[in-house]
Amino acid sequence: MWRRFGDLGFAALVAVVITVEAVPLVWLTWVVLGDLGHHEGLTWILLGGVATAALGLVVVTAYLLAYQTVSDRRAAALARARGEWVARWLRVLAGREPEPAGPLGRDAVGALLELREAVRGAEAERLLELLRRYGVGDGLEGRVRGHRIARRLQALEDLARARAPEAMPTLLAAVIDPDRRVQVAAARAAARTLADVEDPGTREELAEAFAASLVAAALPFGVIEEVLLLADEAAPALVRAILAREDVPAPFVRAALDAVGRLGLLPFGDAAVARLSHPDPEVRAAALRAVARLHVLPEGAREAVRAALDDEVEFVRIHATAAAALLPREEALAALWARLGDPSWWVRRAAADALAGLGRAGLAELGHAARAHPDRYARDMAAQALRDRTERVVAEAVAR
Amino acid sequence: MRALELVQVGLLTYFVVLNLIYSGLSFIGLRTVVVHARELSDLALRDLLEREVYRPVSILVPAFNEERTIVAAVRSFLALQYPRFEVIVVSDGSTDGTLERLIEAFALVEDPRVWSARLPTRPVRRVLRSLRHPELVVVDKENGGKSDALNAAINLARYPLIAPVDADSVLDAQAILRASRVFVEDETVLAVGGTVRPLNGATFRSGRPVSMRVPSGWLERFQIVEYARAFFLGRTGWTRLGTVLIISGAFGLFRRDAVVRVGGFWTGTVGEDMELVLRLHREYRRAGLPYRIVVAPDPICWTEVPSDLRTLLRQRSRWHRGLWQNLWRHRGMLLDPRYGRIGMLGLPYFWLFEALAPVVEVVGLVTFGISLALGVVDPGIFALFLAMAVLHGMLLSQIAVGVEAMLLERYPRISDRLRLLAAAFLEFLGFHQLLALDRFVATLRVLRGRGGWGAMRRAGIPTATS
Amino acid sequence: MGSILAIEDDRTVGLVLEHVLETAGHEVRVARDVADGRGALAEGRYDLIVLDLNLPDGSGLDLLREIRQGGGASTPVLVLSGMRQEEVVVRGLRLGADDYVTKPFSPHELLARVERWLKARG
């Protein structure tokens with residue numbers, strides 16, 4: 001999207017031009033307001049204003065024309081150099097070319113990191129070795145600890161590609177950096193790195209430290225969610241580390257429970273069940289979602305779902321309908337029938353969808369509700385859900 | 001004579017202060033763009049696309065008599081790079097073949113659905129669904145204006161983020177992706193605006209310009225310069241100051257729950273995009289809730305700008321009336337410290353330097369004309385002053401257009417860059433003054449009809465191209 | 001030995017594909033986007049297509065649909081994508097993809113899969 005060169009030069013140039021140009025403008029105001037109407041020196045100030053503006057315009061235009069001429073060529077040259085290095089590293093991997101002598105230039109490092117991002121398996125391991133051999137990780141870690149924000153973020157992005165476990169301490173330190181942008185970038189890099197740690201012991205250990213940093217940084221829900229997704233196979237370790245902590249804020253529990261449901265982490269079913277009556281409605285909803293997706297509802301937890309069906313918060317009731325399908329069949333049908341008459345449109349919709357997902361008995365119940373539910377809105381919703389289902393079946397058949 | 005001099009001094013001061021603000025804002029804007037471009041993580045964008053981190057988006061397309069362009073527009077929206085979204089087109093009582101074209105092109109069938117009408121709107125006649133694209137919904141409703149159409153679309157929207165767009169716009173393939181990233185990183189964000197660029201002169205393939213040339217008409221060239229100034233420098237500058245007051249109706253991404261919470265789009269204005277943003281500020285500040293409204297430079301939306309003067313003047317007049325309506329409706333926020341930077345910085349600026357600017361400019365031209373005729377002012381000084389003003393304006397335009405050169409998708413020819421520089425100069429030989437006059441007249445119209453603001457006559461959705 | 005069309009916008013991945021497949025003796029053409037891919041399909045015949053899903057000018061799934069409805073109904077198509085969501089994989093396979101490999105990918109594994117499909121085709 002953006003060319004990442006020549007922009008800083010342009011910004012610096014503009015800063016100078018604008019500052020120089022402001023001098024006559026400020027002076028002009030001073031003179032005009034100072035001695036109303038006495039025009040001595042006014043001509044000179046105006047001339048100065050014209051001169052600085054003209055000079056600024058010439059300089060900026062010259063820069064832009066030069067930029068326009070060289071930038072396409074420079075971008076192409078950069079891409080070519082990068083491509084050549086990628087090809088060269090591929091030959092090195094295949095053993096058809098000796099490893100180049102260090103230290104590596106920017107293109108060589110960039111190509112190495114891009115390759116590491118593209119492949120996995122034995123080649124990826126070899127690439128990590130190469131990164132280590134040339135000390136790339138150390139250089140990046142040093143930059144992460146530096147001062148300039150753009151460089152720090154770039155280094156974190158590179159580390160996210162490198163996925164080198166030895167960088168974890170630096171990354172975790174960056175997760176609790178005062179700057180939110182650094183925190184987010186570091187959390188992403190740490191999650192991607194953790195995903196590559198295969199030894200279960202190390203993974204657990206790192207996950208615990210990571211969870212502690214995340215909690216300390218109080219990152220928002222979206223970022224925690226992203227971290228859990230990026231952690232891939234290490235996600236269960238991270239979920240465990242988060243749910244095991246006492247001090248963990250609600251967004252973390254929510255994100256962890258969502259991961260439990262999405263990844264189908266059965267061992268955490270109990271953790272979800274335990275939070276069905278959590279004081280935070282968002283957490284209750286997440287627990288219900290997890291329970292519904294895992295399809296586990298121990299007998300002792302049924303009461304919590306029954307209570308959630310009558311929760312005062314609308315979105316808790318919505319997710320309760322999905323979990324209600326796990327109640328004993330007769331009870332589930334009755335509960336969903338009742339929710340079809342909920343004052344909230346969204347709950348009615350969710351109840352109808354849940355019924356439609358309950359197989360033949362559910363569909364029969366929907367049909368019955370469409371005709372005979374005492375609530376008019378419930379009848380409409382049941383009819384709509386039946387139509388939607390028919391249409392979906394038809395659409396799928398057509399698409400095939 | 002003395003009075004005339006005082007007026008002149010006042011005008012001069014106004015002009016100088018305005019230009020100093022422009023310069024400062026331009027630098028802040030430029031700096032924000034550069035920082036943004038440097039900090040942007042391509043890897044994060046790709047992860048957003050490939051993993052499940054995204055928030056699904058409902059794209060809302062209000063349409064009134066758009067039979068010529070609607071099918072192509074919907075196709076371009078359906079081709080967006082985003083993992084999960086739906087497109088909701090609302091035909092707002094169209095009297096031409098808009099609906100028929102859509103039914104034909106996308107095999108629409110009636111969908112007798114029930115939905116939750118949280119926002120009141122004119123009656124919906126029917127809802128249609130496509131057999132080919134499960135993510136396309138078309139609403140046929142009675143005419144109620146653009147805001148009403150948008151509210152109807154919001155009622156039907158299924159996803160947590162909504163993106164109102166203009167039917168005559170083309171969204172960059174990654175626009176939604178880039179804007180939605182902001183929501184992932186900060187839960188308090190209510191809305192994200194993008195950059196609007198004129199599409200005249202460019203050819204598109206699936207939301208990407210494949211060839212870009214500066215259009216041949218000067219009017220369109222002037223607007224390219226104008227849009228660059230407004231978006232690359234102005235709005236990005238304001239976002240750095242935490243004071244975004246407008247998110248263009250051509251493209252923005254909002255949290256649906258926030259929009260519903262404040263009551264959706266207001267049907268009583270022709271500037272519904274700005275009004276919604278002001279209302280979000282007001283309601284969230286009143287409730288003491290943490291929130292952010294931002295503009296990012298790289299979710300790009302391409303829009304067709306008027307190529308003839310009459311349409312352009314009508315459009316600008318409408319925009320200016322909308323601006324006045326909104327400022328007046330939310331006048332209670334002006335200089336009220338409860339509204340923070342919005343009340344103390346953003347709104348005063350808009351009153352003084354946006355809404356009143358054309359008045360000052362027209363009055364200024366007239367008094368200087370009189371002064372010159374009466375010999376009160378030295379023609380030499382006047383000429384110097386004029387030269388300084390024009391050069392300053394050109395400089396800012398050139399900086400703005402320069403930001404465009406940093407984008408991968410830019411006008412590739414040197415000759416085009418020179419044409420834009422020429423446009424930045426020629427703009428001051430009449431075009432600029434004409435627009436000022438147009439907005440001055442709009443201001444007068446607003447002043448005359450103030451009592452009747454609530455009951456504005458609406459002729460469906462006003463479109464920039466007709 | 002087969003002729004293979006890779007539709008892939010990422011330069012690095014394109015280079016890896018070229019390297020791996022050409023080293024194994026196949027002929028490879030890399031197209032950078034949907035339009036480019038369409039052009040390549042119109043010009044030549046291929047024994048196998050490697051297809052990315054997120055392309056700069058559209059979705060690979062649309063192209064897949066076109067391939068299946070057009071002349072290349074029997075050409076094996078191997079989807080190579082970073083999208084690992086179950087629903088996307090299922091949609092790709094339903095639309096007629098023969099195989100689905102997620103990125104990052106193992107070059108050896110990809111080569112083995114490619115050669116299996118080429119062999120099956122005879």
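To find a chain, count down the sequence lines: A is the first, B the second, and so on, and within it residues start at 1. What you see below is based on every heavy atom in this structure, not just the backbone, and it leaves out hydrogens, waters and symmetry mates.
At a 4.5 Å heavy-atom cutoff, the contact between A:Ile149 and chain B is made by side-chain atoms alone. Looking at A:Val184, the atoms closer than 4.5 Å to chain B (heavy atoms on both sides) all sit in the side chain, from C-beta outward. Heavy atoms of A:Asp232 lying under 4.5 Å from chain B belong exclusively to its side chain. Heavy atoms of A:Glu21 lying under 4.5 Å from chain B belong exclusively to its side chain. At a 4.5 Å heavy-atom cutoff, the contact between B:Tyr411 and chain A is made by backbone atoms alone. Contacts between A:Leu57 and chain B at a heavy-atom distance below 4.5 Å involve backbone atoms as well as side-chain atoms. Contact annotation for B:Arg178: only side-chain heavy atoms (C-beta onward) come within less than 4.5 Å of a heavy atom of chain A. Using a 4.5 Å cut-off between heavy atoms, B:Leu418 touches chain A through its side chain atoms alone. Both the backbone and the side chain of B:Arg38 come within contact range of chain A, with heavy atoms under 4.5 Å apart. Contacts of A:Arg192 with chain B are made by side-chain atoms alone, with heavy-atom separations under 4.5 Å and no backbone atom involved. Within the 4.5 angstrom heavy-atom criterion, atoms from both the backbone and the side chain of B:Asp42 approach chain A.
Sequence neighbours left out, the pairs with a member in residues 53-66 of chain A that pass side-chain hydrogen bond (donor to acceptor under 3.5 Å, both in side chains) are A:Thr61-B:Gln398.
B:Asp186 and A:Arg180 are not joined by a salt bridge, as no carboxylate oxygen comes within less than 4.0 angstrom of a charged side-chain nitrogen. One finds no salt bridge joining A:Arg188 and B:Glu185 here, because no Lys/Arg side-chain nitrogen approaches an Asp/Glu carboxylate oxygen to under 4.0 Å. Between B:Glu110 and A:Arg387, no side-chain nitrogen of the basic residue sits less than 4.0 Å from a carboxylate oxygen of the acidic one, so the salt-bridge criterion is not met.
Separating the CG atom in B:Leu43 from the CG atom in A:Leu156 is a distance of 11.5 Å, to the nearest 0.5 Å. Annotation: the span from B:Leu384 atom CG to A:Ile45 atom CD1 amounts to 11.5 Å, rounded to 0.5 Å. We find the CG-CG distance between A:Leu65 and B:Leu421 to be 8.0 Å, quoted to the nearest 0.5 Å.
Taking 4.5 Å as the heavy-atom cut-off, the residues of residues 68-76 of chain A that approach chain B are A:Gln68, A:Thr69, A:Ser71, A:Asp72, ordered by number.
Between chain B and the residues A:Ala160, A:Ala383, A:Pro220, A:Ala51, the largest count of heavy-atom pairs under 4.5 Å involves A:Pro220.
Looking at A:Val17, A:Thr19, A:Ile18 one by one, the single match for side chain to side chain contact (heavy atoms under 4.5 Å, CB included) with B:Phe27 turns out to be A:Ile18.
When all heavy atoms are compared, the tightest approach of A:Ala54 to B:Leu391 is CB-CD1, 3.9 Å. Nearest heavy atoms, B:Leu408 versus A:Arg3: O-NH2, 3.1 Å.
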